[in-house]
Amino acid sequence: MMRTTTLSALAVLAIFTACGPLPAFMGGPEPDPTVASSRTASSGKKATTAKSATGKKHKVRRAETLKTARKSEAREQRCEKLRPLIDQIAAEHGLEPELIMGVIKVESSFNEGSRSRVGAQGLMQIMPGTARHMKCSNVWEAESNIRCGCKVLSRYLKRYDGNLIYGLAAYNAGPGNVNAAAKEKRLPFNFSYPERVLRWRNLYRKNGCM
């Protein structure tokens with residue numbers, strides 16, 4: 001088990017090394033605030049290019065900024081309320097609770113009634129079609145939503161041999177948008193999503209709910 005975990009970690013580091021420097025929250029250099037970055041319109045993300053193992057260039061979305069998180073009393077209370085449930089369900093699926101907390105923060109900021117403009121529902125923003133396919137029950141109910149989200153994420157992580165970058169990217173955009181990147185050992189186009197989730201995971205590891 002330890003060897004598998006180590007190999008997965010090395011695989012992630014290899015991807016980062018091939019495609020550019022590590023982000024600051026993973027031990028890379030802090031961004032220079034004096035250097036202007038290209039921006040996508042009102043998206044809070046920037047577009048960069050990265051090379052795959054074959055030398056081809058691909059556009060990759062990166063998080064525009066990864067500033068120090070601001071604490072929110074209301075969000076902290078919602079998180080604390082859900083934490084026992086998250087711990088229980090994450091353990092059932094062999095997932096790290098703080099990783100699930102990171103997904104929930106990015107997806108819904110711990111708002112159970114959250115709905116996206118494309119129809120994703122609840123804490124972990126489950127699409128109705130996904131809920132039907134995975135045979136999930138009422139995803140507007142917190143426990144059912146977290147169970148469904150953990151089930152989906154666990155399946156994607158197994159598909160990509162435990163690689164968090166590809167697993168999270170697939171959770172965000174579907175495996176059809178990630179398979180080519182995984183095959184070519186390059187960053188997925190929506191790398192900004194794993195970046196943000198893993199940043200929050202690290203913050204929750206250090207500080208608990210916030």
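Every value quoted in this text rests on a predicted model; they were computed, and no experiment measured them.
- Partners of Y204 under the ring-ring contact (aromatic ring centres under 6.0 Å, His included) rule, at least two apart in sequence or in another chain, are W200.
- Atoms CG and OG, from L123 and S144 in turn, are 11.0 Å apart once rounded to the nearest 0.5 Å.
- Residues W140 and L82 do not share a hydrophobic cluster, clusters being chains of Ile/Leu/Val/Met/Phe/Trp/Tyr side chains in contact below 4.5 Å.
- Side-chain contact check for V139 versus T130: every heavy-atom pair is 4.5 Å or farther apart.
- Annotation: side chain of E76 is not in contact with side chain of F110 (no heavy-atom distance under 4.5 Å).
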Checklist entry - Are V106 and N172 close enough, and set up right, to give a side-chain contact (heavy atoms from CB on, under 4.5 Å), and what steps lead you there? => result CA-CA 10 Å; V106 171; N172 173 244; over 6 Å; no
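- At a threshold of 4.5 Å between non-hydrogen side-chain atoms, the residues K105 and R201 do not count as touching.
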Cut-off 3.5 Å, no hydrogens considered: what does the side-chain donor-acceptor table look like for residues 113-121, sequence neighbours left out?
{"residue": "S116", "atom": "OG", "partner": "V118", "partner atom": "N", "Å": "3.3"}
{"residue": "S116", "atom": "OG", "partner": "G119", "partner atom": "N", "Å": "3.3"}
{"residue": "S116", "atom": "OG", "partner": "A120", "partner atom": "N", "Å": "3.0"}

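- No continuous path of ILVMFWY side-chain contacts below 4.5 Å connects Y156 to M127, so the two sit in separate hydrophobic clusters.
- Smallest separation of non-hydrogen atoms from I126 and C148: CG2-SG, 3.9 Å.
- To the nearest 0.5 Å, atoms CD1 (I86) and SG (C79) are separated by 5.5 Å.
- Counting heavy atoms from C-beta outward, P84 and Q88 have side chains that stay 4.5 Å or more apart.
- Interatomic distance, NE2 of H93 versus CD1 of I146, reported as 10.5 Å (0.5 Å rounding).
- If you take CZ on R196 and CG on N190, they are separated by 9.5 Å, rounding to the nearest 0.5 Å.
- Within 6.0 Å of CZ on R155 lie no more than 12 heavy atoms contributed by other residues, nucleotides or ligands.
- Residue C209 holds its SG atom at 9.5 Å from CZ of R75, rounded to the nearest 0.5 Å.
- Scanning all heavy atoms of the two residues, the minimum distance from N145 to M124 falls at OD1-N, 2.8 Å.
- Checking E107 against Y193 by side-chain atom types alone, a donor-acceptor pair falls below 3.5 Å.
- Under the 3.5 Å distance criterion, with hydrogens and angles disregarded, a donor-acceptor pair is assigned to the side chains of N179 and Y160.
- Between E112 and R78, none of the side-chain N atoms (NZ, or NE/NH1/NH2) sits under 4.0 Å from a carboxylate O, so this pair counts as no salt bridge.
- Side chain of R159 to backbone of G167: no donor-acceptor contact under 3.5 angstrom is found.
- Considering all non-hydrogen atoms of both residues, A90 and E96 come closest at CB-C, 4.3 Å.
- Two residues are said to be in side-chain contact when any heavy atoms from C-beta on lie closer than 4.5 Å; I165 and P188 meet this criterion.
- Atom CG of L85 sits about 7.0 Å away from atom CZ of R147, to the nearest 0.5 Å.
- Residues L95 and I89 are not in side-chain contact: their nearest non-hydrogen atoms beyond the backbone lie 4.5 Å or more apart.
- Between L153 and V103 there is a side-chain heavy-atom pair separated by less than 4.5 Å.
- Closest approach of A173 to F189, counting heavy atoms only: CB-CZ, 3.9 Å.
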Checklist entry - Passes side-chain contact (heavy atoms from CB on, under 4.5 Å), L99 versus L168? Steps please. => result CA-CA 10 Å; L99 178 65; L168 289 167; 4.2 Å; yes
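- Remark: C150 pairs with no residue by the disulfide (SG to SG under 2.5 Å) rule, at least two apart or across chains.
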